[in-house]
Enquirer: 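Before I ask anything, let me first share the structure, which is written out below as structure tokens.
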Amino acid sequence: MTDPLREEPPPIRGGWVGRQWPLLSVLGIGVLGVVAVVLDHFRTGTLLLSVAVLLAALARAVLPARRVGLLVVRSRPFDLVVLLGLGVSLLVLAIAVPPGGARL
């Protein structure tokens, strides 16, 4: 008879990409946001960056540390406070900046 507490969890399929899909999705959306900002779409880019950070917070909140991979930095509460604070701040910034801004 095997002890269920000593059983290893099943391996994650897909190799490195399968283990790091939360980080890769956050990075992908973040890169799209930076590209949008560089292409002079500040509001859209900032909204995409805030979505990326809030997605990281959601992944950190609902997935176990084994599945979140490199998004784990400190304890779960600390990571959530930092990610939610940054995500909401970026969202407020994207909404508060007036459209059209000054051109140089």
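It should be emphasised that the depicted structure is a prediction, and the values quoted were computed from it without experimental measurement.
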Enquirer: Could you walk me through whether Trp21 and Leu63 pass the side chain to side chain contact (heavy atoms under 4.5 Å, CB included) test, one step at a time?
Expert: CA-CA 12 Å; Trp21 69 265; Leu63 294 174; 3.9 Å; yes
Enquirer: Just grab all the side-chain hydrogen bond (donor to acceptor under 3.5 Å, both in side chains) pairs involving residues 68-78, residues at least two apart or on different chains.
Expert: none
Enquirer: Please identify each residue that fulfils side chain to side chain contact (heavy atoms under 4.5 Å, CB included) with Val97, with sequence neighbours left out.
Expert: Phe42, Leu93
Enquirer: What are the two closest heavy atoms between Pro22 and Arg67, and how far apart are they?
Expert: CG-O, 3.5 Å
Enquirer: Suppose the criterion is salt bridge (charged side-chain N to carboxylate O under 4.0 Å, His left out): which pairs have a residue in residues 21-36, not counting sequence neighbours?
Expert: none
Enquirer: Between Ala36 and Gly45, which heavy-atom pair has the shortest distance, and what is it?
Expert: CB-CA, 3.6 Å
Enquirer: Where the side chain of Gln20 meets the backbone of Gly69, is there a donor-acceptor pair that is under 3.5 Å apart?
Expert: no
Enquirer: Got a sec, which residues hit side chain to side chain contact (heavy atoms under 4.5 Å, CB included) with Val34, two or more places apart in sequence or on another chain?
Expert: Val38, Leu49
Enquirer: For Leu39, what are the other residues in its hydrophobic cluster, where any two members join if their side-chain heavy atoms are less than 4.5 angstrom apart?
Expert: Val31, Val35
Enquirer: List for me each residue that meets side chain to side chain contact (heavy atoms under 4.5 Å, CB included) alongside Thr44, sequence neighbours excluded, and say none if there are none.
Expert: His41, Leu48
Enquirer: Within this structure, what is the CG-CG distance for the pair Leu58 and Leu83, rounded to the nearest 0.5 Å?
Expert: 11.0 Å
Enquirer: Give every residue pair that meets the salt bridge (charged side-chain N to carboxylate O under 4.0 Å, His left out) criterion with at least one member in residues 27-36, sequence neighbours excluded.
Expert: none
Enquirer: Return the minimal non-hydrogen interatomic distance between Leu80 and Ala57, and the atom names on each side.
Expert: CD2-O, 3.2 Å
Enquirer: Pairs in or reaching into residues 24-36: which pass side-chain hydrogen bond (donor to acceptor under 3.5 Å, both in side chains), with residues at least two apart or in two chains?
Expert: none
Enquirer: Report the distance from atom CG of Leu27 to atom CG of Leu32, rounding to the nearest 0.5 Å.
Expert: 11.0 Å
Enquirer: Locate the shortest heavy-atom distance separating Ala52 from Ile29; write the atom from each residue and the value.
Expert: CB-CG2, 3.8 Å
Enquirer: Not counting sequence neighbours, list each pair that qualifies as a salt bridge (charged side-chain N to carboxylate O under 4.0 Å, His left out) and has a residue in residues 77-97.
Expert: Arg60-Asp79
Enquirer: Under the 4.5 Å side-chain heavy-atom rule for ILVMFWY, direct or indirect, which residues accompany Phe78?
Expert: Val82
Enquirer: Show which residues join Ile95 in its hydrophobic cluster (side-chain heavy-atom contacts under 4.5 Å, direct or indirect), or state none.
Expert: Leu47, Leu91
Enquirer: Go through the structure and list residues passing side chain to side chain contact (heavy atoms under 4.5 Å, CB included) with Leu86, not counting sequence neighbours.
Expert: Val53, Leu90
